[in-house]
Amino acid sequence: MTAAKTLLQLAGADLTPAKVTDGCLVLIDLQNEYIDGPIAVPDADAAIANAARLLTTARSSGALIIHVAHKGRPGGLFDRGADRGQIVAALAPLAAEPIVEKGLPNAFAGTDLQARLDAIGRKNLVLAGFMTHMCVNSTARAALDLGYRVTIPADSCATRDLPNGRGGVLPARTIHDVALVELSDRFAVIAHNTSDVL
């Protein structure tokens, strides 16, 4: 039996992670909602710290930075008018850094994200944020369809525990790892460490 390979490996694709300085940094849903409360992410602090490293490098190099924030209903999850819906303080956007608000997991759906990216003409995207299995995943898959090359630093993303449908729970780390393995098959280059894209 032959060793398992991804579709990208079988196609001979370049699996070198893009450097944040050579593309666009897209920070997805790094909002207070994930720090505590009903959808708190166990590894949020580590992912935020690594996303902050990406942001610092992107700012110092003049790379394009786009913050994406999920916008929920007033009084509910991701209420952008409340603290819970705000981007975490460590990653607060500067005045010149655009914020794209979305209502669906895919950051391209119903937003001007594609127009903003097309305006600069860069095809390399570095994605970081919450949650690995949901909005990061959906955005990466859509990016492929739109002609972008996606790199995801694994340690700059995180997700949460989920019910397994049989009365148990799948741990966040398992869901995170499986989501990244799925994306690595065809949709994204996965960098194991944030350092690999700096």
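For clarity, every value in this text was computed on a predicted model and none was experimentally measured.
- At distances below 3.5 Å, not a single donor-acceptor pair connects side-chain atoms of R149 with backbone N or O atoms of N124.
- Taken to the nearest 0.5 Å, the CG atom of N106 stands 7.5 Å off from the OG1 atom of T111.
- Applying the ring pair (Phe, Tyr, Trp, His ring centres under 6.0 Å) test to every pair with at least one member in residues 90-126, sequence neighbours left out, gives these pairs: F108-Y148.
- N50 places a side-chain N or O within 3.5 Å of a backbone atom of A46 that can act as its donor or acceptor partner.
- Residues meeting the salt bridge (charged side-chain N to carboxylate O under 4.0 Å, His left out) test with R173, sequence neighbours left out: D43, D177.
- Side-chain N or O atoms of S156 include none that pairs as donor or acceptor with a backbone N or O of T194 at under 3.5 Å.
- Under the salt bridge (Lys or Arg N to Asp or Glu O under 4.0 Å) criterion, no residue pair touches residues 183-197, with sequence neighbours excluded.
- In plain terms, the two heavy atoms of I87 and P93 that are nearest each other are CD1-CG, 3.7 Å.
- Listed by chain and number, the hydrophobic cluster partners of L162 are L170, I175, where partners are ILVMFWY side chains within reach of under 4.5 Å, directly or through others.
- S60 contributes atom OG, which lies 9.5 Å from atom CG of L198 (distance to the nearest 0.5 angstrom).
- Under the 4.5 Å side-chain contact rule for hydrophobic residues, I120 and I66 share a cluster.
- Side-chain contact between L125 and T151 is absent, with no heavy-atom pair separated by less than 4.5 Å.
- In this structure, E33 and I39 have side chains that are in contact, with non-hydrogen atoms separated by less than 4.5 Å.
- Looking at heavy atoms from C-beta onward, L127 lies in side-chain contact with I28 at the 4.5 angstrom threshold.
- Separating the SG atom in C24 from the CG atom in L113 is a distance of 7.5 Å, to the nearest 0.5 Å.
- Cluster membership check: V20 does not share its hydrophobic cluster with V26, using side-chain heavy-atom separations under 4.5 Å among Ile, Leu, Val, Met, Phe, Trp and Tyr.
- Residue L183 forms a side-chain contact (heavy atoms from CB on, under 4.5 Å) with just one option from N137, V150, V189, and that option is N137.
- Of the N and O atoms on the side chains of H133 and T159, at least one donor lies less than 3.5 Å from an acceptor on the other residue.
- Side chains of M134 and H70 form no contact here, defined as non-hydrogen atoms less than 4.5 Å apart.
- R53 and S195 share a donor-acceptor pair across their side chains, judged by distance under 3.5 Å alone.
- Taking both residues in full, the closest heavy atoms of R141 and F187 are given as NH1-CE1, 3.3 Å, listed atom of the first, atom of the second, then distance.
- Of all the heavy atoms in T21 and A63, the pair that sits closest is CA-CB, 4.3 Å.
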Quiz item: Are I152 and C157 close enough, and set up right, to give a side-chain contact (heavy atoms from CB on, under 4.5 Å), and what steps lead you there?
Solution: CA-CA 8 Å; I152 302 172; C157 301; 3.6 Å; yes
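- Checked by atom type, the side-chain pair D14/T16 shows a donor-acceptor distance below 3.5 Å.
- A donor-acceptor pair shorter than 3.5 Å can be found between the side chains of E97 and H67.
- Looking only at side-chain heavy atoms (C-beta outward), L94 and R59 come within less than 4.5 Å of each other.
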Exercise. Decide yes or no on salt bridge (charged side-chain N to carboxylate O under 4.0 Å, His left out) for D29 and K102, but give the supporting numbers first.
Key: CA-CA 9 Å; D29 298 354; K102 64 179 182 59; 2.8 Å; yes
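- Not a single donor-acceptor pair under 3.5 Å links the side chain of D79 to the backbone N or O of G72.
- Here the side chain of Q9 pairs a donor or acceptor atom with the backbone of T6 at under 3.5 angstrom.
- In this structure, F78 and R84 approach most closely via the heavy-atom pair N-NE, 4.2 Å.
- Residues F130 and I48 have side chains in contact (heavy-atom distance under 4.5 Å, counting atoms from C-beta outward).
- Using a 4.5 Å cut-off between side-chain heavy atoms of Ile, Leu, Val, Met, Phe, Trp and Tyr, with links allowed through other members, V136 and V41 fall into different hydrophobic clusters.
- Residues A172 and P42 approach most closely at CB-CG, 3.9 Å, considering heavy atoms.
- A distance of 5.5 Å separates CZ in R80 from CD1 in I99, rounded to the nearest 0.5 Å.
- In this structure K19 satisfies the salt bridge (charged side-chain N to carboxylate O under 4.0 Å, His left out) test with no other residue, sequence neighbours excluded.
- Inter-residue side-chain proximity for L15 and I190 is flagged as unmet; no heavy-atom pair is nearer than 4.5 Å.
- Under the salt bridge (Lys or Arg N to Asp or Glu O under 4.0 Å) criterion, no residue pair touches residues 153-169, with sequence neighbours excluded.
- Clustering ILVMFWY residues whenever any of their side-chain heavy atoms sit less than 4.5 angstrom apart, transitively, puts L104 in a cluster other than the one holding L117.
- Under a 3.5 Å cut-off, the side chain of S138 and the backbone N or O of C135 do not form any donor-acceptor pair.
- Put simply, the side chain of V88 reaches to within 4.5 Å of the side chain of I35, judged on heavy atoms.
- Summarising the geometry, atom CG belonging to L27 is positioned 7.5 Å from atom CD1 belonging to I65; distances are rounded to the nearest 0.5 Å.
- Summarising the local packing, NZ of K123 is surrounded by more than 12 heavy atoms from other residues, nucleotides or ligands at distances under 6.0 Å.
- Side-chain atoms of Q31 come within 3.5 Å of backbone atoms of G85 as a donor-acceptor pair (strictly under, hydrogens ignored).
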Exercise. Starting from the C-alpha separation in whole Å, work towards a yes-or-no answer on side-chain contact (heavy atoms from CB on, under 4.5 Å) for N164 and V169.
Key: CA-CA 5 Å; N164 69 5; V169 172; over 6 Å; no
